[in-house]
Amino acid sequence: MTTSFSFRLIATDGGARRGEVSMPRGTVRTPAFMPVGTGGTVKAMYMDQVRGTGADIILGNTYHLMLRPGAERVARLGGLHELARWPWPILTDSGGFQVMSLSKLRKLTENGVTFRSHIDGAPYEMTPERSIEIQGLLDSDIQMQLDECTALPAKHSEIERAMELSLRWAERCKVAFGDQPGKAMFGIVQGGDDAGLRVRSAQALKVMDLKGYAVGGLAVGEPQPVMLDMLEITCPELPGDKPRYLMGVGTPDDILKSVARGIDMFDCVMPTRAGRHGLAYTRRGKVNLRNARHADDHRPLDEESDCPAARDYSRAYLHHLVRSQEALGAMLLTWNNLAYYQRLMQDIRDAIEAGQFADRAASITEGWARG
Ligand SMILES: CNc1nc2cc3c(cc2[nH]1)N=C(N)NC3
């Protein structure tokens with residue numbers, strides 16, 4: 001049990017890294033996938049089920065929680081871990097991305113962003129200081145800086161302005177966060193799809209000597225090769241002894257390719273959102289349970305899985321639940337998908353330790369094509 005926050009690099013295999021992030025609430029084995037728990041819940045899952053899939057950490061969103069139930073209320077109720085019954089690490093996003101993608105009537109200035117809630121239209125102001133204050137009220141273990149995310153494509157001047165503003169906000173977040181030994185504040189590298197801006201952003205954040213670094217402003221619709229190019233340019237500029245978190249990524253294929261380029265932490269709504277839409281991730285690729293061809297198929301999704309949702313229920317039953325829009329359909333497929341992602345991460349961690357990441361990644365990819 002530690003009182004500090006630290007990252008330990010255990011092994012490397014090419015660009016892939018095996019490590020662990022330790023903090024008082026627990027240790028995160030990396031490469032790690034963080035299930036998204038936007039409003040303090042991983043949708044359609046009990047928290048002990050989320051833990052049972054192998055998750056060491058989950059993600060919460062400042063934007064959603066500040067609007068509902070409110071950051072001060074969460075603090076009065078004992079913090080997010082107590083409220084949601086998740087005693088292990090929680091990373092919270094700062095609200096930068098969600099304000100830009102969800103809120104209405106936004107006005108962005110040097111000081112921060114004013115906006116109206118997408119829920120009830122109430123006015124709010126989000127500054128770097130308020131974002132860190134909210135994440136503290138949530139008792140978040142890993143807090144993200146407030147940043148400005150530019151939607152791509154965008155003019156170079158626009159990407160540069162947002163990147164430089166985000167650097168000034170990173171400085172203000174670092175001051176507001178202060179010195180909290182068991183917690184961390186991560187900077188977020190911006191710069192869109194421009195190599196020069198990405199390098200400038202990463203180098204400026206490195207000078208701030210933060211406890212971790214996220215790569216943001218990707219997974220916003222750009223082609224995968226563009227995202228991977230940005231990783232190849234950005235990761236070498238980041239300190240090797242600090243965790244690297246690629247925000248909002250991604251598909252299993254995105255994750256394999258990004259681990260190969262030096263990323264340690266991931267979050268994505270894909271496994272949970274897909275589960276609610278009838279889509280299952282398996283070792284043999286994706287299965288759309290809405291499709292009628294499953295109506296009489298008594299096979300489970302994966303007889304070799306240790307997840308009951310994948311092993312104990314027929315595709316016919318899952319098809320029936322999905323077609324009937326039964327809650328259990330979303331529950332079982334979300335459970336299957338999160339278990340699949342965590343099994344993928346375990347395979348990746350084992351492969352890096354064994355020096356077999358490239359071969360393992362190739363055989364995982366071939367499995368998807370087998371169908
Ligand atoms: C789904 N793709 C995605 N890209 C992101 C990029 C960012 C983010 C969240 C994201 N999600 N949060 C931030 N605070 N900044 C960058």
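What you see is a predicted model, and the numbers here were worked out from it, not measured in a lab. Just follow the structure's listing: the first ligand is 1, and inside any ligand the first atom is 1.
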For this session: Any atoms of ligand 1 less than 4.0 Å from a non-hydrogen atom of G248? List them with their elements.
Result: 1 (C), 2 (N), 3 (C), 11 (N)

For this session: Kindly give the cluster partners of M144, where membership spreads through any ILVMFWY side chain lying under 4.5 Å from a current member.
Result: F5, F7, L9, V21, M23, V28, M34, V36, I57, L59, L91, I142, F186, I188, Y245, M247, M265, V269

Exercise. Does ligand 1 have any atom that is closer than 4.0 Å to a heavy atom of L218?
Worked result: yes

For this session: Go through S117 and L67 one step at a time and tell me if the side chain to side chain contact (heavy atoms under 4.5 Å, CB included) criterion holds.
Result: CA-CA 7 Å; S117 160; L67 299 184; 3.7 Å; yes

For this session: Give the contacting part of V269 toward ligand 1: side chain, backbone, both or neither, where contact means a heavy-atom distance below 4.0 Å.
Result: neither

Exercise. So, F266 versus F33, ring centres under 6.0 angstrom or not?
Worked result: no

Exercise. N/O of Q98 under 3.5 Å from N/O of ligand 1, yes or no?
Worked result: no

For this session: Any atoms of ligand 1 less than 4.0 Å from a non-hydrogen atom of D93? List them with their elements.
Result: 8 (C), 9 (C), 12 (N), 13 (C), 14 (N)

Seminar exercise, completed: In terms of its nearest heavy atom to atom 6 (C) of ligand 1, the top option of G221, G250, G217 is G217

Problem set entry | For ligand 1, the portion of C149 having any non-hydrogen atom under 4.0 Å away | side chain

Exercise. If you look only at pairs with a residue in residues 116-147, which of them pass as a ring pair (Phe, Tyr, Trp, His ring centres under 6.0 Å), with sequence neighbours excluded?
Worked result: Y63-H118, F115-Y124

Exercise. Should you measure from each heavy atom of S94, which atoms of ligand 1 turn up under 4.0 Å away?
Worked result: 14 (N)

